[in-house]
Participant: 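The structure under discussion is supplied below as structure tokens; questions concerning it will follow.
Atoms considered below: every heavy atom in the structure, side chains included; atoms not considered: hydrogens, waters and symmetry mates.
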Amino acid sequence: MENVEKKVFDTAVKEFARKMNASKDKTVTTAVGFDSKKLLKWLKKVAPVSSEIQVRFGIYSKKAARSSEEADRVTVFFMACDENGDQATDENGEPVDPVNAGNIYP
């Protein structure tokens, strides 16, 4: 992991929003917020059985969205992965489910 200057971060986020808005979509997701305590609890749980955590992007289908406001919105999922980048398994050999349910902004 590498720290980046806030200016670099701000510029990249603004450029992302600008490019996404080029599609004429008025509901562009620029951030997904997660409860820090819940995320830390999940990270501590999966750390012993995973080699990396991937942030995977997705778009809520109308069927999968928790609300009509979420439909067709970009989101992110945290996925515990093994050394090959595949879904990690727990001590019992069961797949570790990805997590989501963050707050979409704006």
Participant: Only counting residues at least two apart or in another chain, list the ones meeting side chain to side chain donor-acceptor pair (under 3.5 Å) with Ser68.
Facilitator: none
Participant: What do the steps show when you test Val46 against Ile53 for side-chain contact (heavy atoms from CB on, under 4.5 Å), and what is the final call?
Facilitator: CA-CA 9 Å; Val46 302; Ile53 303 300; 3.8 Å; yes
Participant: Kindly write out the residues that satisfy side chain to side chain donor-acceptor pair (under 3.5 Å) with Lys62, not counting sequence neighbours, or none if the list is empty.
Facilitator: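 Lys62 satisfies side chain to side chain donor-acceptor pair (under 3.5 Å) with Asp72 only.
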Participant: Mind checking the CG-CG spacing from Asp97 to Asp90? Nearest 0.5 Å is all I need.
Facilitator: 9.5 Å
Participant: Could you tell me which residues satisfy side chain to side chain donor-acceptor pair (under 3.5 Å) with Lys7, sequence neighbours excluded, listed by chain and number?
Facilitator: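 Residues passing side chain to side chain donor-acceptor pair (under 3.5 Å) with Lys7: none at all.
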Participant: Show which side-chain atoms of residues 81-89 pair as donor or acceptor with protein atoms under 3.5 Å away, not counting sequence neighbours.
Facilitator:
residue: Asp82; atom: OD1; partner: Asn84; partner atom: N; Å: 2.9
residue: Asp82; atom: OD1; partner: Gly85; partner atom: N; Å: 3.2
residue: Asp82; atom: OD1; partner: Asp86; partner atom: N; Å: 3.0
residue: Gln87; atom: NE2; partner: Val96; partner atom: O; Å: 2.8

Participant: My understanding is that only residues two or more places apart in sequence, or in another chain, count here; which of them pass side chain to side chain donor-acceptor pair (under 3.5 Å) with Glu15?
Facilitator: Arg18
Participant: Not counting sequence neighbours, which residues clear ring pair (Phe, Tyr, Trp, His ring centres under 6.0 Å) with Phe77? List them please.
Facilitator: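 Ring pair (Phe, Tyr, Trp, His ring centres under 6.0 Å) check on Phe77 returns nothing, list empty.
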Participant: Can you tell me which residue pairs pass the ring-ring contact (aromatic ring centres under 6.0 Å, His included) test with a partner in residues 32-51, sequence neighbours excluded?
Facilitator: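 Qualifying pairs, neighbours excluded: Phe34-Phe78.
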Participant: Could you list all the salt bridge (charged side-chain N to carboxylate O under 4.0 Å, His left out) pairs where at least one residue sits in residues 38-61, not counting sequence neighbours?
Facilitator: none
Participant: I'd like to check Ile59 versus Thr75 (side-chain heavy atoms, cut-off strictly below 4.5 Å). Are they in contact?
Facilitator: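 Side-chain contact under 4.5 Å: no.
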Participant: Mind checking side chain to side chain contact (heavy atoms under 4.5 Å, CB included) for Lys6 and listing every partner two or more places apart, or none if nothing turns up?
Facilitator: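 Counting only residues at least two positions away or on another chain, Lys6 forms a side chain to side chain contact (heavy atoms under 4.5 Å, CB included) with Phe9, Asp10.
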Participant: Other hydrophobic cluster members with Met79, side-chain heavy atoms of Ile/Leu/Val/Met/Phe/Trp/Tyr under 4.5 Å, chained?
Facilitator: none
Participant: Applying the 4.5 Å side-chain criterion to the ILVMFWY set and letting contacts propagate, would Leu40 and Val32 be lumped into a single cluster?
Facilitator: no
Participant: Please list, chain by chain and in numerical order, all residues satisfying salt bridge (Lys or Arg N to Asp or Glu O under 4.0 Å) with Asp35, sequence neighbours excluded.
Facilitator: none
Participant: Name all pairs fulfilling the ring-ring contact (aromatic ring centres under 6.0 Å, His included) condition that reach into residues 44-65, sequence neighbours left out, sorted by first residue then second.
Facilitator: none
